[in-house]
2 protein chains.
Amino acid sequence: MARSTREAILTAAAELMRHRGYAAVGMKDIAHASGAPIGSLYHHFRGGKVQIAREALINAGAAYGLLIPTLIDEYDDLGQAIEGVFAQAAEDMASTGFANMCPVASVAAEVADTVAELRETSASVFRGWIEGGAAYFAARGLDGARARDVTLAIVGALEGAFVLARTLRSTEPLLAAGRTLALQYRGVTLARVSAAAVGPR
Amino acid sequence: MARSTREAILTAAAELMRHRGYAAVGMKDIAHASGAPIGSLYHHFRGGKVQIAREALINAGAAYGLLIPTLIDEYDDLGQAIEGVFAQAAEDMASTGFANMCPVASVAAEVADTVAELRETSASVFRGWIEGGAAYFAARGLDGARARDVTLAIVGALEGAFVLARTLRSTEPLLAAGRTLALQYRGVTLARVSAAAVGPR
DNA sequence: GTCTATACGGCGATAGAC
DNA sequence: GTCTATCGCCGTATAGAC
């Protein structure tokens, strides 16, 4: 439950765009889903649809950026951690009828060549994840280059597997991706650190 | 150059949708890009926009399905083959100003929850790739389960890396994904077979 | 700040002359 | 089979009463 009208609008927009992307979500859809009338959308977001999408991407990006380190915190072995993350993603997807997906990627793919401002916003969200993940893994003992590569591999494989899983309505691509990536890092130990302190910029 | 008007329409549609997805491409855009007037689109495709997208996905899917085995045919080592595929993808992307991308995924992500018929079409294209790839690797000596996992990992990682690379306008995600997946399969030898005979269903 | 009514443009699709 | 004019609808955005 969002407290303010503004927050309700952003939450509704993020949820709708996660399912349908950017172009297929209308201002009327957002108004209806948030409970606010159309006029309120433009009152709170003078920049219209682009501004709403922009802020929704930033919010969702921050939430997702924290999710992966949080999940991985539980593990001491990198291979097991990776398999755990993908298994969790598979479970979430299946339990939402394969309607769930990264809210940023579904918009990013669509606007990369059409809405410059949103492409830049998605890029900065992705950059935050990559830099945050690299810093997290470095803090847990991996060397710099490897920390960055592992992060890129996880994020990329997750995004790709989401598209396949959603389209095929099957968890197989997620589980196969997790299994495959995990194989490689099994036996790589993650150091225990007190405070991870990693978030998207 | 396409020979018939029909082919020109499908080629133009595939090219446009690869860049902008499904919703953001209009019938007028397709008409203009193909050189055919609007009426011709509906003459050749009674099912309208959905039918054009459907056939464009099938065509593009068949072409892409042949591409990866063709590239991998050159190699004897699975690790080197994977790194080669991702390096090639990175080169293509950079040389097209990061505008290039898998024409199927950009539509698939957008329509998975909105246009049932196109979701089913994308699913069958993906299924063709996965089954074709699994059969190809099996023919080159990998055991069944591994052949399927390798295929899923390659396709998933490619699709995800495409989204990141396009948004960030950088080849790094593609190169990192290729490097990471390759590490794992370095030293795995692919058998030489006379005719690969693998294509999407 | 909230909400309704409406403007204006572009969409997919069609009709029908050629 | 090709092409143009146009329909009806729904998109974003706005004006202005409350």
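Naming convention: chains lettered A, B, ... in sequence-line order (proteins, then strands); numbering from 1 in each chain. Because the structure is a prediction, the values reported are computed rather than measured.
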Student: Would you say D:dG1 has OP1 or OP2 under 4.0 Å from some side-chain N or O of B:Thr5?
Tutor: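 False: B:Thr5 side-chain N/O out of range (4.0 Å or more) of D:dG1 OP1/OP2.
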Student: Testing the 3.5 Å rule here: is there a donor-acceptor pair between the side chains of A:Arg54 and A:Thr121?
Tutor: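 Yes - a donor-acceptor pair under 3.5 Å links their side chains.
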Student: Counting just side-chain N and O atoms, does B:His43 come under 4.0 Å of either OP1 or OP2 of C:dT14?
Tutor: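 Answer no for this pair, as no side-chain N or O of B:His43 is under 4.0 Å from OP1 or OP2.
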Student: Go through the side-chain N and O atoms of A:Arg46 and A:Tyr42 and say whether any donor and acceptor fall under 3.5 Å apart.
Tutor: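 Checked: A:Arg46/A:Tyr42 side chains show no N/O donor-acceptor pair below 3.5 Å.
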Student: Regarding B:Glu55 and B:Arg6, does a basic nitrogen lie under 4.0 Å from an acidic carboxylate oxygen?
Tutor: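 Yes, B:Glu55 and B:Arg6 are salt-bridged.
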Student: Could you give the CZ-to-C1' distance, from A:Phe45 to C:dT2, as a whole number of Å?
Tutor: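 Distance check: A:Phe45 CZ to C:dT2 C1' gives 15 Å.
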Student: What are the two closest heavy atoms between A:Arg192 and A:Asp73, and how far apart are they?
Tutor: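 In terms of heavy atoms, the two residues are closest at NH2-O, 2.8 Å.
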Student: Could you tell me how far apart A:Arg6 (CZ) and C:dT2 (C1') are, to the nearest whole angstrom?
Tutor: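 Nearest whole value for this atom pair: 16 Å.
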Student: Looking at A:Asp29 and A:Arg20, is there a salt bridge between them, counting it only when a charged N and a carboxylate O are closer than 4.0 Å?
Tutor: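 A salt bridge is present here (some side-chain N lies under 4.0 Å from a carboxylate O).
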Student: Check each residue of residues 17-26 of chain A for a non-hydrogen atom within less than 4.0 Å of any atom in DNA chain D, then write out the ones that pass by number, or none.
Tutor: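 Nucleic-acid contacts, sorted: A:Val25, A:Gly26.
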Student: Scan side-chain atoms only and decide if B:Asn59 and B:Tyr64 contain a donor-acceptor pair under the 3.5 Å cut-off.
Tutor: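 No, B:Tyr64 and B:Asn59 have no side-chain donor paired with an acceptor closer than 3.5 Å.
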Student: How many whole angstroms separate atom NE2 of A:His32 from atom C1' of C:dC3?
Tutor: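 Rounding to the nearest Å, NE2 of A:His32 and C1' of C:dC3 are 15 Å apart.
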Student: Could you run down the sub-3.5 Å N/O contacts of the protein with nucleotides 13-16 of chain D?
Tutor:
from	atom 1	to	atom 2	distance (Å)
D:dA13	OP2	A:Tyr42	OH	3.0
D:dA13	OP2	A:Lys49	N	3.0

Student: Where is the tightest heavy-atom contact between A:Ile52 and A:Ala13, given as atom of each residue plus distance?
Tutor: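 In terms of heavy atoms, the two residues are closest at CG2-CB, 3.5 Å.
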Student: For A:Arg146, I'd like to know if atom CZ has over 12 heavy atoms of other residues, nucleotides or ligands within 6.0 Å.
Tutor: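 Atom CZ in A:Arg146 is not crowded, with 12 or fewer foreign heavy atoms closer than 6.0 Å.
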